[in-house]
Amino acid sequence: MLIKKPSDVRPSEITSPEVYAKRREFLKAAAALGIGAVASGPAGALVKPSGSGTPIPNVIDTAYGDKLELTEYEHVTTYNNFYEFGTGKSQPAENAKDFKTRPWTVVVDGECEAPGEIGIEDILSSIPQEERIYRLRCVEAWSMVIPWVGFPLSSLLKRFKPTSKAKYVAFETLVDKERMPGQRRAVLDWPYREGLRMDEAMNPLAIFATGLYGELLPNQNGAPLRLVVPWKYGFKSIKSIVRISFTQTIPETTWWKLAPHEYGFYANVNPEVDHPRWSQASHRIIGAGLFSSKQPTLMFNGYAEQVADLYRGMDLAKFY
Ligand SMILES: Nc1nc2c(c(=O)[nH]1)N[C@H]1C(S)=C(S)[C@@H](COP(=O)(O)O)O[C@H]1N2
Ligand SMILES: [Mo]
């Protein structure tokens with residue numbers, strides 16, 4: 001998130017929306033036939049496959065965000081922030097290639113009546129009717145629109161029966177220096193940690209993503225389970241989650257703790273509150289071309305109608 005120029009996006013390796021549409025058809029067809037691991041569909045001849053290659057069957061396609069123009073698959077999967085696999089934008093795709101996300105267990109603890117552990121297979125198989133495609137804009141110095149496959153946080157969290165003392169929910173990423181080479185350097189205080197206020201977490205726009213573009217999440221995008229909180233800056237959307245804790249007090253979060261004058265706990269997208277080192281009034285659209293002009297950033301990233309009520313009466317310049 002410190003590096004802002006899309007200098008390592010390779011314009012030669014781009015999938016157009018039309019190719020995406022064909023790719024989805026192909027993935028659906030492949031799923032119906034039960035040929036799971038066919039990699040990249042019609043785009044295969046043109047681009048290096050960098051995704052999981054595993055289609056997700058029976059996802060409910062919704063009209064969610066269908067007016068938004070999607071960012072090309074190749075940008076979504078090669079321009080990433082995932083410091084566990086390196087601090088460069090193109091490093092996660094390269095360094096996470098062989099990352100194994102099975103078996104995978106998420107521990108749930110803290111202020112809840114039914115703490116425990118849940119395996120990723122259990123999560124994936126017990127959510128299917130709720131698994132939907134959400135086309136959401138994610139923004140910071142740049143923006144992308146990604147067709148996530150996911151489900152609301154609330155549908156998983158409520159299973160653990162949070163108590164009335166649970167005011168916040170905290171998330172942690174895996175720590176494993178062997179499997180996550182970026183953790184061999186102390187660039188961040190591992191594990192990567194994030195958190196939400198309970199009412200934020202229960203908003204239907206806060207989702208767990210398990211896939212994108214119709215396939216299981218590519219490793220570099222946070223496999224096998226990550227947050228997507230589209231009205232907040234990108235760093236809130238924590239990847240490769242292994243722990244969820246309900247807490248009474250505000251949890252420490254990675255970037256807030258590292259640079260509290262630059263990053264707050266809330267991190268709501270707000271064009272009127274600048275980062276101390278740069279304006280947050282505008283951003284660049286990834287894939288729109290090197291010479292495209294900057295776009296004005298919208299309050300709550302354009303999701304004000306859904307989330308503004310959560311912050312009524314709060315001074316958003318103070319609680320940034
Ligand atoms: N565990 C972990 N989660 C993370 C990060 C990270 O470095 N480690 N980077 C964050 C930042 S700064 C951003 S912008 C988004 C990027 O998500 P994307 O690569 O899927 O676009 O992931 C967020 N989640
Ligand atoms: Mo970021």
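When reading the values below, keep in mind they use all heavy atoms of this one structure, side chains included, and skip hydrogens, waters and symmetry mates. Every number for a ligand or one of its atoms is a count from 1 in the order of the listing.
Contacts between E140 and ligand 1, counted as non-hydrogen atom pairs separated by less than 4.0 Å, involve the side chain only. At a heavy-atom cutoff of 4.0 Å, ligand 1 is contacted by the side chain of E84 but not by its backbone. Contacts with ligand 1 closer than 4.0 Å are made by heavy atoms of both the backbone and the side chain of Y83.
Side chains of R137 and Y303: no donor on one and acceptor on the other come within 3.5 Å.
Ligand 1 lies within reach of R226, whose nearest heavy atom is under 4.0 Å from it. Remark: distances from the non-hydrogen atoms of G222 to ligand 1 are all 4.0 Å or more.
Salt bridge status for R193 with E172: absent, with no side-chain N to carboxylate O gap under 4.0 Å. The residues R179 and E84 are annotated as not salt-bridged, no charged nitrogen and carboxylate oxygen being separated by less than 4.0 angstrom. A salt bridge links E121 to R102: at least one charged side-chain nitrogen sits closer than 4.0 Å to a carboxylate oxygen. The residues R135 and D66 are annotated as not salt-bridged, no charged nitrogen and carboxylate oxygen being separated by less than 4.0 angstrom.
In terms of polar-atom proximity, defined here as any N/O pair under 3.5 Å, N81 does make such a contact with ligand 1. Polar contact check, W142 against ligand 1: no nitrogen or oxygen pair lies under 3.5 Å apart. Taking only nitrogen or oxygen atoms, main chain and side chain alike, N80 reaches within less than 3.5 Å of ligand 1. For T173, a nitrogen or oxygen atom sits less than 3.5 Å from a nitrogen or oxygen atom of ligand 1, counting backbone and side chain alike.
At a threshold of 4.5 Å between non-hydrogen side-chain atoms, the residues Q91 and F85 do not count as touching.
Ring centroid separation for the pair F246 and F160 does not come in under the 6.0 Å cut-off.
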